[in-house]
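Since the structure is predicted, the reported quantities are computational estimates derived from the model, not experimental observations.
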Amino acid sequence: MRPRADDEQGSALVEFAWLGILLLIPMVWIVLSVFEVQRGALGVSAAARAAGRAFALAPDDADGRRRAEQVARQALADQGLEGAPLRVEVTCSPFPGDCHAGTSVITVRIESHVDLPLLPSALGGGAPSFALDATHAVPIGQYQEIGDADATP
């Protein structure tokens, strides 16, 4: 058996520290990215639900589209995604021209994306991002109030 050299004493501790740092940094980035994507997914889902409700409660389709976009932006802002891009798409079936007709189903689709944290654009040719979308359907009832309900004939 050969005796141990004195100049290598303590090198395992240094190697362990460097290895720990090299593994810890990517792990922290992965955890932060997962949290950011989850926050965006919750925001987009809440935006789709709120936009569908706002569109259904609006008096007409034009006002409904405006309200749906405003509510969707507010829902994203509530999750801390004020500057996130937003695309709101509203479709109706079986009456594409009149979404507020009885037995119609309003479908709202929200598209957005979140930027992944702590990555410079030099590494990926642009800020890396994760695309998100959510869909929510709101049925319109067959029986609706028309005009003033308190008026007597």
Side-chain angles (χ1 to χ4, degrees), residues 14-153:
V14 172
E15 290 171 5
F16 180 73
W18 277 108
L19 186 61
I21 289 172
L22 290 176
L23 292 176
L24 184 65
I25 290 174
M27 187 61 73
V28 167
W29 180 79
I30 289 171
V31 168
L32 290 176
S33 295
V34 167
F35 287 158
E36 187 70 19
V37 170
Q38 183 63 34
R39 180 174 67 149
L42 290 173
V44 169
S45 177
R49 279 193 317 272
R53 290 180 189 138
F55 189 92
L57 293 174
D60 59 11
D61 291 353
D63 193 35
R65 290 183 194 283
R66 184 183 55 77
R67 287 183 185 185
E69 185 164 340
Q70 286 177 343
V71 168
R73 288 198 185 283
Q74 181 61 45
L76 287 179
D78 288 346
Q79 293 293 328
L81 301 168
E82 297 90 11
L86 175 68
R87 182 171 175 260
V88 179
E89 178 184 328
V90 180
T91 58
C92 304
S93 63
F95 309 110
D98 185 16
C99 292
H100 288 87
T103 69
S104 181
V105 176
I106 299 168
T107 304
V108 177
R109 179 179 168 93
I110 303 289
E111 295 178 2
S112 185
H113 71 269
V114 293
D115 294 331
L116 298 180
L118 305 174
L119 276 183
S121 60
L123 293 179
S129 63
F130 195 88
L132 301 165
D133 66 83
T135 304
H136 184 71
V138 179
I140 300 297
Q142 181 178 3
Y143 302 106
Q144 298 179 20
E145 178 181 349
I146 299 176
D148 189 10
D150 294 333
T152 57

Give every residue pair that meets the salt bridge (charged side-chain N to carboxylate O under 4.0 Å, His left out) criterion with at least one member in residues 94-107, sequence neighbours excluded. none
For residues Asp60 and His100, is any side-chain donor paired with an opposing acceptor at under 3.5 Å? no
Residues forming a side chain to side chain donor-acceptor pair (under 3.5 Å) with Arg73, sequence neighbours excluded: Glu69
Non-hydrogen side-chain atoms of Ile110 and Leu132 separated by less than 4.5 Å: no
Side chain proximity check, Val138 to Val108, heavy atoms < 4.5 angstrom: no
Correct closest heavy-atom pair for Val44 and Ser112 would be CG2-CB, 4.0 Å
Heavy-atom nearest pair, His113 first then Ser129, reads CD2-CB, 3.4 Å
With rounding to the nearest 0.5 angstrom, report the CG to CG distance, Leu81 to Leu42. 10.0 Å
To check you understand the geometry: which heavy-atom pair defines the closest contact between Ala47 and Ala72, and what is its length? CB-O, 3.7 Å
Show me the donor-acceptor pairs, under 3.5 Å and distance only, between side chains in residues 82-93 and residues at least two apart or in other chains.
unit_1	atom_1	unit_2	atom_2	d
Arg87	NH1	Glu89	OE1	3.4
Arg87	NH1	Glu111	OE1	3.1
Arg87	NH1	Glu111	OE2	3.2
Arg87	NH2	Glu89	OE1	3.4

Could you name each residue pair satisfying ring-ring contact (aromatic ring centres under 6.0 Å, His included) that touches residues 24-54, not counting sequence neighbours? none
Mind listing the closest non-hydrogen atom pair of Ser33 and Pro117 along with its distance? OG-CD, 3.7 Å
Could you tell me the separation between the OG atom of Ser104 and the CD1 atom of Ile140, rounded to the nearest 0.5 Å? 6.5 Å
Considering all heavy atoms of both residues, which atom of Phe130 and which atom of Leu116 are nearest to each other, and what is their separation? CB-CD2, 4.4 Å
So which pairs with a foot in residues 34-44 pass salt bridge (charged side-chain N to carboxylate O under 4.0 Å, His left out), sequence neighbours left out? Glu36-Arg39
Partners of Asp63 by salt bridge (charged side-chain N to carboxylate O under 4.0 Å, His left out), sequence neighbours excluded? Arg66, Arg67
How far apart are the closest heavy atoms of Ala54 and Val71, and which atoms are they? CB-CG2, 3.7 Å
